[in-house]
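First the proteins, then the strands, lettered A, B, ... as listed; each starts at 1.
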Number of protein chains: 4
Amino acid sequence: MPGNSFGQAFRYTTWGESHGPAIGCVIDGVPPGMPLSEADIQPWLDRRRPGQSRHTTQRQEPDKARLLSGVFEGLTTGTPISFVVENQDVRSKDYDAIKDKFRPGHAEYAYWKKYGHYDTRGGGRSSARETAMRVAAGAVARKVLNHLLEAPVTIRGGLVQMGPHAIERARWDWAEVENNPFWCPDPEAAKAWEGFLDEVRKAGSSTGAVIEVTAAGVPAGLGEPVYDKLDADLAKAMMSINAVKSVEIGAGLSAAALSGEDNADEMRMAGEDVEFLSNNAGGVLGGISTGQDVVVRFAVKPTSSILTPRKTVDRFGQNTEISTKGRHDPCVGIRAVPIGEAMMAIVLADHLLRQRAQCG
Amino acid sequence: MPGNSFGQAFRYTTWGESHGPAIGCVIDGVPPGMPLSEADIQPWLDRRRPGQSRHTTQRQEPDKARLLSGVFEGLTTGTPISFVVENQDVRSKDYDAIKDKFRPGHAEYAYWKKYGHYDTRGGGRSSARETAMRVAAGAVARKVLNHLLEAPVTIRGGLVQMGPHAIERARWDWAEVENNPFWCPDPEAAKAWEGFLDEVRKAGSSTGAVIEVTAAGVPAGLGEPVYDKLDADLAKAMMSINAVKSVEIGAGLSAAALSGEDNADEMRMAGEDVEFLSNNAGGVLGGISTGQDVVVRFAVKPTSSILTPRKTVDRFGQNTEISTKGRHDPCVGIRAVPIGEAMMAIVLADHLLRQRAQCG
Amino acid sequence: MPGNSFGQAFRYTTWGESHGPAIGCVIDGVPPGMPLSEADIQPWLDRRRPGQSRHTTQRQEPDKARLLSGVFEGLTTGTPISFVVENQDVRSKDYDAIKDKFRPGHAEYAYWKKYGHYDTRGGGRSSARETAMRVAAGAVARKVLNHLLEAPVTIRGGLVQMGPHAIERARWDWAEVENNPFWCPDPEAAKAWEGFLDEVRKAGSSTGAVIEVTAAGVPAGLGEPVYDKLDADLAKAMMSINAVKSVEIGAGLSAAALSGEDNADEMRMAGEDVEFLSNNAGGVLGGISTGQDVVVRFAVKPTSSILTPRKTVDRFGQNTEISTKGRHDPCVGIRAVPIGEAMMAIVLADHLLRQRAQCG
Amino acid sequence: MPGNSFGQAFRYTTWGESHGPAIGCVIDGVPPGMPLSEADIQPWLDRRRPGQSRHTTQRQEPDKARLLSGVFEGLTTGTPISFVVENQDVRSKDYDAIKDKFRPGHAEYAYWKKYGHYDTRGGGRSSARETAMRVAAGAVARKVLNHLLEAPVTIRGGLVQMGPHAIERARWDWAEVENNPFWCPDPEAAKAWEGFLDEVRKAGSSTGAVIEVTAAGVPAGLGEPVYDKLDADLAKAMMSINAVKSVEIGAGLSAAALSGEDNADEMRMAGEDVEFLSNNAGGVLGGISTGQDVVVRFAVKPTSSILTPRKTVDRFGQNTEISTKGRHDPCVGIRAVPIGEAMMAIVLADHLLRQRAQCG
């Protein structure tokens with residue numbers, strides 16, 4: 001009933017606050033006999049790590065994950081895997097000035113209404129710091145997928161829109177996402193965004209974004225109708241990421257405007273295999289993977305921590321104004337890319353294990 | 001691990017196939033001492049019932065739900081509530097011609113890949129017939145909300161886009177949704193849609209739609225971070241409905257294009273209460289309700305059952321064509337309105353009970 | 001969070017009251033492609049059915065289970081399986097006289113304290129009538145075990161003690177359990193019990209019993225440490241049966257008195273296989289099956305429905321006396337035998353599916 | 001589906017191996033606003049800590065728990081609480097000699113069959129070292145009970161049988177459990193056990209025991225029929241403790257021999273309250289607490305780690321013998337007392353929160 005765990009068969013739980021002593025996660029259900037070490041996790045944490053370019057928060061966290069259980073002589077034992085990351089660059093004082101005021105659009109008002117008492121330092125539990133542990137769990141999930149499946153599953157994400165500026169899909173090149181600080185698959189859009197984001201940052205403002213994550217090589221058959229459908233769990237996974245406001249599968253929102261003829265992904269045999277002539281479905285039919293690429297897109301709102309003063313209230317029921325001076329991401333969507341990839345891996349690993357239970 | 005249940009504290013399970021002898025649901029966790037009878041459920045089932053206008057499938061199902069347990073002397077006892085609806089107007093023969101072919105965009109190919117063996121009659125378990133039981137569970141959930149809360153929760157849904165034709169939000173009038181066969185809050189749009197949908201139907205085609213559901217009167221504090229957030233569970237609930245391809249909360253996808261200044265919902269005191277000057281958040285911050293209206297929007301793709309022949313394959317690995325002649329909805333989005341309302345009620349009831357567990 | 005479901009991968013939910021219109025269960029997670037029909041279930045329901053000898057309640061229930069979903073053309077489809085049994089021989093009037101009084105030792109006082117409002121007819125939800133659906137689910141679980149495993153699993157139960165009278169273990173003969181109305185594996189004990197139970201019944205009294213259930217052919221490896229151990233789940237399953245007051249695994253309580261030397265089940269190779277020289281462990285080590293017979297024993301208290309007046313109180317806070325005149329089992333332990341077998345099958349099927357998820 | 005978590009509303013997960021770098025637990029669902037610090041936990045860990053008398057293992061572990069999340073300014077925030085304990089006195093070399101042989105009665109054979117690969121040092125995950133985290137979670141659960149309830153819940157445990165030597169119930173004195181190294185409520189039995197256990201230890205043997213745990217002050221109404229009954233969850237909780245082979249509630253096994261008249265706990269009014277004239281039920285009727293003391297008893301087998309050589313096999317399928325020379329408890333039942341108390345507290349806290357969800 002409490003909500004800090006995700007998944008059923010590949011099940012993980014995260015804990016920790018932004019400015020607490022440490023954060024961590026426990027992953028239960030990992031198959032035994034799989035090679036695993038801290039070195040498998042660190043590169044993924046590094047991708048999400050703040051402070052790597054001028055476009056993300058300047059908080060400096062080495063994010064070194066200690067692997068404390070579940071592995072013996074380099075192989076998983078099937079028992080819980082625990083990661084702990086000590087927090088380092090904590091400047092709680094930044095938050096003293098605003099600790100009794102609510103940032104419009106920030107979680108703290110809702111935490112206050114729900115729990116009465118909450119950690120006011122750096123967003124506490126509601127901080128995106130928690131997502132570091134999603135990335136750790138996602139790294140394990142990727143290993144599980146590739147350990148169990150004959151052919152590799154390739155999970156990739158990219159920023160496809162920053163503020164009002166979308167990429168040109170015709171220029172999509174996965175290789176480009178590693179060449180710019182935005183994980184953008186369109187090199188020209190990336191170039192344009194540099195200037196846009198510099199302006200946003202200098203203005204003390206923030207901007208939203210859209211992220212697209214795809215998984216290639218997913219076997220057909222994953223997903224548990226009629227409630228734990230693969231797309232339903234992906235929607236939940238992505239919507240649970242901080243600041244996400246929409247989730248789309250395949251054609252997504254644009255499917256509403258299509259006719260049945262245009263939307264139907266026609267099928268042909270290609271040797272022994274079925275080939276689809278389009279992928280409006282985003283790789284999921286009836287909540288079950290079809291073997292096509294699984295395609296998810298989600299929108300991230302602009303962060304509520306901005307310099308421009310906004311009208312708000314405080315804990316004492318007084319009208320006031322607030323402007324946030326701490327270290328923040330002008331576009332939180334950038335760092336949402338590796339998080340979205342991680343959640344994709346987690347959902348797929350969970351459903352792969354679940355599929356084995358019922359269908360072998 | 002299997003997927004036919006939803007919710008944690010208000011937990012229900014549905015069963016049954018489109019052309020099987022009956023469908024049903026079991027609801028566990030309903031508070032005791034609440035008045036409940038079949039008469040509380042039937043009006044909501046009637047709203048979803050097919051065959052009520054020329055714009056929906058002509059299958060005639062009285063959808064009379066028998067209440068078989070969990071109520072004694074007119075009051076719930078806290079034990080499971082079971083509903084059973086016998087299927088009546090089953091024309092399985094309609095499906096004989098296509099039982100070995102896969103409709104592009106339909107769940108049956110995926111069921112075949114997952115389960116090997118599936119019910120070929122009328123979509124079997126993947127049919128939207130299952131949603132009748134969501135509506136039954138939703139009717140109980142509404143009663144739970146209003147039984148437990150001092151002020152009523154008002155859940156309303158409307159069709160805000162049909163195919164490429166969106167409503168004019170300035171004309172929004174909730175009273176209008178009962179005045180047209182589309183649950184459309186904009187009377188002029190509704191009028192235009194009549195002709196559009198007649199054409200779609202006559203062409204043997206189908207069209208997508210967008211549905212918006214709002215809940216007013218939701219208390220602040222519902223939602224369980226960081227995975228079972230209220231918006232994450234709403235996303236899962238809506239995405240689990242047949243044919244849904246996107247889910248948005250509040251400003252949704254359009255939040256990506258906003259600046260932090262424009263997106264922030266400023267706050268003022270209004271007497272003792274906090275008032276928000278806008279609702280881009282859709283009533284949810286940090287995954288927790290704030291007391292504002294909870295606003296969800298989802299897109300439904302056009303049904304895959306169309307007359308125009310489409311390229312496909314059959315179970316034997318042969319290329320072929322298919323056109324579907326059975327009774328179908330030209331716009332499945334219409335009947336998704338009461339289903340979306342039901343899922344909203346279910347998610348809210350579930351989270352209200354969960355909130356009581358931890359926070360009293 | 002509510003409690004009317006059991007199992008994780010083989011998950012079932014029961015519903016219904018003793019004197020309501022019907023009882024039923026929904027089973028989710030059954031592998032697809034398995035032959036299943038009503039005829040597979042009925043023999044097991046018949047074993048538990050009341051009114052078959054003078055030693056059990058005279059309530060006459062045909063207990064005909066309708067199979068309403070999850071099977072197509074004789075094979076399971078992997079979707080939920082629903083059984084409904086209509087109640088027939090309901091004499092609610094028997095309970096009118098005592099509806100405001102609490103039978104000492106009966107659940108109704110606790111239901112009243114918990115729920116405030118409860119079904120007073122025949123025990124309502126707390127009645128052992130619910131166990132008919134455990135037997136139905138158990139019948140499906142047996143089929144699952146034998147469908148998935150190469151070698152059959154044989155689950156058998158017997159009454160090993162009635163009141164103070166235990167069987168002689170040296171005379172144990174499984175064939176005998178079908179030859180007497182007590183499922184007793186010791187024919188001489190069974191003979192003695194006839195007279196004992198006639199006296200109990202004639203005196204309007206009741207007596208307790210001990211049941212032993214074993215499963216042979218269980219593969220090694222089932223059980224999920226450290227909380228969902230096989231023996232922990234068996235303990236829960238058996239303790240959840242009406243009137244059960246103790247559960248033992250293998251040597252059970254008597255293990256406390258043993259030395260480490262005597263308790264250790266020594267091991268030898270027998271060809272390729274490991275052979276244990278004793279089975280104090282009851283087939284479970286560290287919460288995981290070893291391949292030995294899984295052995296569970298549980299004690300059932302005497303029913304609280306007796307003719308002798310007992311001191312009690314009523315709903316209005318008055319002291320009073322009660323004697324129960326309805327139809328009851330003088331030894332509810334007898335009918336607990338098929339129920340214990342069913343729960344064994346359910347726990348094993350659930351853990352077999354769970355094992356497949358993580359360990360393949 | 002994996003098994004390293006317990007509870008639904010008060011839900012905790014443990015991780016870590018006997019000789020790994022650390023062990024820990026995460027507790028989710030703790031109500032906000034409750035005072036909590038490391039000082040609340042340490043005394044309970046100290047009670048379970050090894051090496052405190054000559055009668056328990058000589059492994060020296062300070063068992064200092066770091067509290068890493070979920071508390072802000074001394075009060076819980078409703079977010080997950082994480083404890084980590086670093087392992088210190090690890091002598092893995094003790095196990096080298098036997099790492100390929102299976103101790104009869106020990107979990108390692110079953111782990112080998114299930115997982116293929118397991119941690120051979122000191123029992124790995126199957127070690128009773130994990131129970132330190134049960135005690136930490138239990139300490140939090142006690143605080144939750146007393147934070148939420150008006151009257152305190154008093155949970156106490158005692159050793160009531162060591163090997164074949166039971167206490168005299170007439171001499172029961174709770175104050176005595178703190179006066180001897182066995183948590184024995186009968187001072188004369190405790191005295192006799194000293195000599196008995198010295199002999200057992202000197203012989204390199206081991207002995208079983210029986211523990212009884214009671215909870216006074218439990219409100220009526222806790223427990224979720226028909227599967228998550230309070231006694232069913234207690235049975236699971238206790239049976240999940242290492243080496244436990246039986247669980248009894250109230251009269252337990254002896255209820256089988258009683259008549260209905262003798263077993264019924266008669267009721268009288270005592271002012272406004274209901275008073276029971278006996279407690280054969282152990283405080284639970286129909287799976288729901290009645291307000292009487294909740295009474296649970298469980299038997300612990302003698303540890304399998306003994307000096308006397310026993311016949312066994314090794315990983316290579318060879319017959320061999322084994323005798324265990326590491327540091328072990330001659331009577332593991334002693335340290336099971338605080339663990340049983342902890343599990344009682346956990347089950348009660350979980351059901352108290354669950355009760356609030358449905359029944360307020």
| Is chain D contacted by the side chain of C/Leu234, its backbone, both, or neither, given a heavy-atom distance below 4.5 Å? | neither
| Under a 4.5 Å cut-off applied to non-hydrogen side-chain atoms, are D/Asn280 and C/Lys301 in contact? | no
| Backbone of D/Met1 reached by a side-chain donor or acceptor of C/Arg354 within 3.5 Å | yes
| message | Tell me whether the rings of D/Tyr227 and C/Tyr12 are parallel (<30°), tilted (30 to 60°) or perpendicular (>60°). | response | perpendicular
| message | Need one label for C/Val284: side chain, backbone, both or neither, based on atoms under 4.5 Å from any heavy atom in chain D. | response | backbone
| query | Between C/Ser126 and chain D, which part of the residue has a heavy atom less than 4.5 Å away: side chain, backbone, both or neither? | reply | neither
| said: If I measure from the heavy atoms of chain D, does C/Met133 come under 4.5 Å with its side chain, its backbone, both, or neither? | reply: neither
| said: Need one label for C/Asn4: side chain, backbone, both or neither, based on atoms under 4.5 Å from any heavy atom in chain D. | reply: both
| With a 4.5 angstrom heavy-atom cut-off, which part of C/Ser305 approaches chain D: side chain, backbone, both or neither? | neither
| field | D/Arg268 side-chain N/O to C/Asn319 backbone N/O, donor-acceptor pair under 3.5 Å | value | no
| field | Closest non-hydrogen atom pair between D/Pro2 and C/Glu224, with its separation | value | CA-OE1, 4.4 Å
| message | Is C/Tyr111 in contact with chain D via its backbone, its side chain, both, or neither, using a 4.5 Å heavy-atom distance? | response | both
| Contacting region of C/Arg125 [heavy-atom separation from chain D under 4.5 Å] | both
| query | Hey, are the side chains of D/Tyr109 and C/Val274 touching, using non-hydrogen atoms and a 4.5 Å cut-off? | reply | yes
| message | Using modelled atom types and a 3.5 Å cut-off, is there a donor and acceptor pairing between side-chain atoms of C/Lys113 and backbone atoms of D/Gly221? | response | no
| remark: Okay, C/Lys229 and chain D: the region with an atom under 4.5 Å from a heavy atom over there is side chain
| message | Has C/Lys245 got a side-chain atom pairing as donor or acceptor with D/Ala281's backbone, closer than 3.5 angstrom? | response | yes
| note | Applying a strict 4.5 Å limit to non-hydrogen atoms, the region of C/His106 in contact with chain D is backbone
| said: For C/Ser5, which atoms come within 4.5 Å of any heavy atom of chain D: side chain, backbone, both, or neither? | reply: backbone
| remark: Cut-off 4.5 Å, heavy atoms of chain D, and the answer for C/Val226 is both
| From D/Lys311 atom NZ to C/Phe276 atom CZ, the distance as rounded to the nearest 0.5 Å | 14.5 Å
| Per-residue contact mode, C/Glu272 against chain D (heavy atom under 4.5 angstrom) | neither
| Taking every non-hydrogen atom, the tightest pair across D/Ser246 and C/Gly252 | CB-C, 4.0 Å
| message | With a 4.5 angstrom heavy-atom cut-off, is it the side chain or the backbone of C/Leu253 that approaches chain D, or both, or neither? | response | both
| Distance, nearest 0.5 Å, that separates CE of C/Met267 from CG of D/Asp314 | 10.0 Å
| request: State the CD-CG distance between C/Glu261 and D/Leu307, to the nearest 0.5 angstrom. | output: 9.0 Å
| Which atom names give the shortest non-hydrogen contact between D/Ala299 and C/Ala256, and what distance separates them? | CB-CB, 4.1 Å
| message | I need the D/Met239 CE to C/Met239 CE distance, nearest 0.5 Å. | response | 8.0 Å
| task | Please report the closest heavy-atom contact between C/Lys236 and D/Ala235, naming both atoms and the distance. | result | N-CB, 4.5 Å
| request: Heavy-atom distances under 4.5 Å only: say whether D/Ser254 touches chain C with side chain, backbone, both or neither. | output: neither
